[in-house]
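Okay, structure first, notes after.
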Amino acid sequence: MSIQQQSINEQSINGVVPSALQELIDSVAQDANQGQLAFQATTAWVDGTRSQTQIKSFEWAGQSYARDFTLTIDEPEEWGGTNMGPNPQEVLLSALNACLMATFVNLCSMQGIKLEKVEITSIGKLDLRGFFGLDETISAGYQDLSWQLNVKGNATPEQFQQVYEATMAASPNLWNLAHPVPIKPELRVL
């Protein structure tokens, strides 16, 4: 039974069922295979700088689960795009924000903290001289990445700080951005 299905029958806080989440944690603690996930996204060029990403499934503990999402990603008109979707950097910031948000809300819910508002604004500063290869001392990626998490709820500032620090330690997307991840790129000419 999924966490969402259990929420129909059990007490939830902030839209999260802490007992179901604890059940998942216990399951992973007892069987490492239950903690194994694989995500996949396939992106196809449409025209100009516009692409569409399809998300069709993910794997969990060796089983495939269907998904059906399409994201249109584009550049602003000022950069030669058609402005039909967020650009790749905005999608990256959105993924970071959403991961921090989900982690923070889950951790608050597990501690019985009722939330009224949670909002994250992130800013990534990029220098196009690195992207265009104009200055080899400037990286192609962000030179600076910052965010602010604003929260209102029934916890003390100290409790929110503890949850925030636990969020920083547990967020997969934050970890992926802050640490080198082994990559295995491959080009296949059709």
Side-chain angles (χ1 to χ4, degrees), residues 2-4 7 14-16 36-60 63-109 115-136 138-152 164 167-168 170-190:
S2 74
I3 291 174
Q4 184 67 26
S7 68
N14 308 315
V16 175
Q36 303 306 305
L37 297 162
F39 297 98
Q40 178 177 325
T42 301
T43 304
W45 171 63
V46 176
D47 187 44
T49 60
R50 189 170 19 127
S51 63
Q52 283 200 326
T53 297
Q54 300 288 318
I55 299 164
K56 295 292 186 186
S57 66
F58 75 97
E59 287 189 18
W60 178 20
Q63 290 187 350
S64 183
Y65 294 85
R67 309 274 281 163
D68 189 19
F69 298 101
T70 301
L71 305 171
T72 298
I73 302 168
D74 197 0
E75 294 289 353
E77 290 175 355
E78 295 82 359
W79 298 341
T82 57
N83 202 38
M84 295 185 73
N87 79 0
Q89 297 312 308
E90 294 162 330
V91 173
L92 180 66
L93 293 176
S94 299
L96 173 63
N97 288 359
C99 189
L100 289 166
M101 179 76 70
T103 305
F104 187 82
V105 170
N106 278 336
L107 291 173
C108 283
S109 300
L115 299 168
E116 293 177 45
K117 179 179 182 175
V118 184
E119 183 177 82
I120 302 170
T121 301
S122 58
I123 299 171
K125 294 184 180 176
L126 194 75
D127 187 333
L128 288 177
R129 292 176 297 168
F131 175 76
F132 291 130
L134 300 174
D135 185 336
E136 62 186 46
I138 298 173
S139 69
Y142 285 134
Q143 279 72 50
D144 184 64
L145 179 59
S146 61
W147 64 84
Q148 180 175 334
L149 187 148
N150 296 315
V151 62
K152 183 177 181 183
Y164 181 69
T167 297
M168 301 281 285
S171 167
N173 281 358
L174 176 56
W175 195 98
N176 289 338
L177 288 173
H179 300 89
V181 176
I183 60 172
K184 301 169 187 162
E186 176 186 342
L187 171 67
R188 182 179 301 162
V189 179
L190 305 175

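All residue numbers in this chain count up from 1 along the given sequence. Values below: every heavy atom of this structure, side chains too, minus hydrogens, waters and symmetry copies.
Taken from CD in E75 to CD in E90, the straight-line distance is 8.0 Å, to the nearest 0.5 Å. With values rounded to the nearest 0.5 angstrom, E59 atom CD is found 11.0 Å from Q36 atom CD. To the nearest 0.5 Å, atom CG of residue N97 and atom OG1 of residue T121 are 7.0 Å apart. One distance of note links CG of D135 with CG of L128; it measures 12.5 Å at 0.5 Å rounding. With rounding to the nearest 0.5 Å, the separation of CD in E119 from CD in Q148 is 9.0 Å.
Not one N or O on the side chain of Q89 forms a donor-acceptor pair closer than 3.5 Å with the backbone of G124. Side-chain atoms of D127 come within 3.5 Å of backbone atoms of R129 as a donor-acceptor pair (strictly under, hydrogens ignored). The closest donor-acceptor contact from the side chain of N14 to the backbone of L115 lies under 3.5 Å. In this structure, D74 contributes its side chain and T82 its backbone to a donor-acceptor pair below 3.5 Å.
Proximity of Q63 to Y65: side-chain heavy atoms (C-beta onward) are separated by under 4.5 Å at one or more points. In this structure the side chain of L177 reaches within 4.5 angstrom of the side chain of L145, judged on heavy atoms. Inter-residue side-chain proximity for N176 and N173 is flagged as met; some heavy-atom pair is nearer than 4.5 Å. Counting heavy atoms from C-beta on, the side chains of V151 and Y164 never come closer than 4.5 Å. Side-chain contact between F104 and I120: absent, with no pair of heavy atoms (C-beta onward) separated by less than 4.5 Å. Within the 4.5 Å cutoff, no side-chain heavy atoms of F39 are placed close to those of I55. Side-chain atoms of L71 and Q52, non-hydrogen and from C-beta on, never get closer than 4.5 Å to each other. Looking at heavy atoms from C-beta onward, K152 lies out of side-chain contact with N150 at the 4.5 angstrom threshold.
Pairing each heavy atom of W45 with each of R50, the nearest pair is CD1-O, 3.7 Å. For the residue pair L174 and M168, the shortest heavy atom distance occurs at CD2-O, 3.4 Å. The heavy-atom pair separating N83 from P76 by the smallest distance is OD1-CA, 3.9 Å. The shortest non-hydrogen separation linking P172 to T103 is CD-OG1, 4.5 Å. Closest heavy-atom contact between L126 and A140: CD1-O, 3.4 Å. When all heavy atoms of S57 and S64 are compared, the pair lying nearest together is CB-OG, 3.7 Å.
Defined by atom type and a distance below 3.5 Å, a donor-acceptor pair is present between the side-chain atoms of Q143 and S139.
In the displayed structure, M84 atom CE is contacted under 6.0 Å by at most 12 heavy atoms of other residues, nucleotides or ligands. Heavy-atom neighbours of W79 CH2 from other residues, nucleotides or ligands within 6.0 Å: at or below the threshold of 12. Counted within 6.0 Å of CH2 on W147, heavy atoms from surrounding residues, nucleotides or ligands total more than 12; the atom is thus considered enclosed.
Of the residues T72, T70, T43, V91, the one that meets the side chain to side chain contact (heavy atoms under 4.5 Å, CB included) test with T53 is T43.
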Q) Run the side-chain contact (heavy atoms from CB on, under 4.5 Å) check on K56 and T42 step by step: do they pass? A) CA-CA 9 Å; K56 295 292 186 186; T42 301; over 6 Å; no
